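Structure provided below as structure tokens; questions to follow.
As the structure lists them, so they are numbered: ligands from 1, and atoms in each ligand from 1. Predicted model, so just to flag it, every value in this text is computed and none were measured.
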Amino acid sequence: MTKAQTKIEIGGSREWLDSTLDKLKLKMSAECARIGGSIPYIPVNGRYADWGKRDIYWWTNGFWPGMLWQMHQATGEIAYRDTAEQVEERLDEALHGFDGLHHDVGFMWLHTAVANYRLTGNVRSRTRGLHAANILAGRYNPAGQFLRAWNDEGSHNRAGWMIVDCLMNVPLLYWASDETQDPRYRDIAIRHVDTVLRTTLRADGSSNHIVILDPNDGTVLDKPGGQGFAEGSSWSRGQAWALYGMALSHRHTQKAGYLDAAKRIAHYFIANAALTEYLPLADFRAPEEPVVYDTTAAACAACGLLEIAEAVEEHERRLYVEAAIRMLRAAEQRFANWAPDEDGILGGGTVAYFSEEREVPIIYGDYFFIEGVLRLSGQSAHLW
Ligand code: GLY
């Protein structure tokens, strides 16, 4: 389903946006030449290693090509397209290897193969995208009506595990139904999203990270803490996945309940981010000390807010656009590294509240920052 981008009024932020776009073009041009078909994740001493050599199945392996496709769309430069295609081909090892695959096939192939097909019509890429969609559909549990998250770890069976992050993967299923005119993929997506609405989102607009269901009948068994501070807390990237994920499901289904949910999560997110000058904490319900930010949550939430802005009437739009700009600006001003000879754009990303990788540049933070900035300038590609 394609849809013209709504023109966004950015008011007094035009100067910031123009100068950020100029810096982004310089930085991405240098990174593209230096990184090429290598697969970046987190830089060490200003340099990315090739994460694809370490783990070709890693869930973030599609974000670098996603950044390249966004830049290709915005600038028309061929080098971005050619480099994104190199990574897409490398990921065939994972697509055909299968065993290490998981629910994050959407993150991996929406930004590689499906992006390529959408932007160039490449039919080999379409096949890869449909292959990935079938793998995701194969993780559907009809008894519990949910998409299974992670694989088993050792003897630890995770057949009933569902995580909020997966909302960002279901657009692969909507795309597959649009592409094949076969409703099965969309039906699975909707049933999963409805289970998330019922079991994972909380009444105050926040979300659990993990919900464990009985895989035989879908009964809720447990809601443990995940990448946030503790059980019942509020991991901010999880809130951002919920916000943007619900907004995307609304985009693909036009179901009013999904937009209502996205707005509820957005209002919760904005209220909490406002307490820390629009730089979200890694967990909104963590103790006051230590202060740990997560700019990846800011950038992803900003894209979700801009998606909501496209879905609402003009008189409602300003709240979402203004909050998105505040988060992107706050993250950029405090944490951006525009030096073209160093890898990584947006510092301040946090893998998990208790992770060693706190307030560092992470590739998905850069992806969402680029998408957000290009959305504001009306130059983004729709890759979801
Ligand atoms: N989807 C895993 C994460 O957000 O860290």
Practice task
Answer yes if Met162 and Ile188 sit in the same cluster of Ile, Leu, Val, Met, Phe, Trp and Tyr residues linked by side chain heavy atoms under 4.5 Å apart, and no otherwise.
Solution key: yes
Practice task
Quick one: sort the Phe369 and Trp338 rings into parallel, tilted or perpendicular, breaks at 30° and 60°.
Solution key: tilted
Exercise for the section: Could you tell me if the ring centre of Tyr41 sits under 6.0 Å from that of Trp64? Expected result: no
Practice task
Would you mind telling me which of His267, Glu310, Glu307 makes a side-chain hydrogen bond (donor to acceptor under 3.5 Å, both in side chains) with Tyr320?
Solution key: His267
Exercise for the section: Salt-bridge test for Asp178 and Arg186: reply yes if a basic N is under 4.0 Å from a carboxylate O, no otherwise. Expected result: yes
Handout entry: Charged N-O contact under 4.0 Å between Asp283 and Arg237
Key = no
Please give the N or O to N or O pairs under 3.5 Å between ligand 1 and the protein, distances rounded to 0.1 Å.
| unit_1 | atom_1 | unit_2 | atom_2 | d |
| --- | --- | --- | --- | --- |
| ligand 1 | 1 (N) | Asp165 | OD2 | 2.7 |
| ligand 1 | 4 (O) | Arg237 | NE | 2.9 |
| ligand 1 | 4 (O) | Arg237 | NH2 | 3.3 |
| ligand 1 | 4 (O) | Trp241 | NE1 | 3.0 |
| ligand 1 | 5 (O) | Gln227 | NE2 | 2.8 |
| ligand 1 | 5 (O) | Arg237 | NH2 | 2.6 |

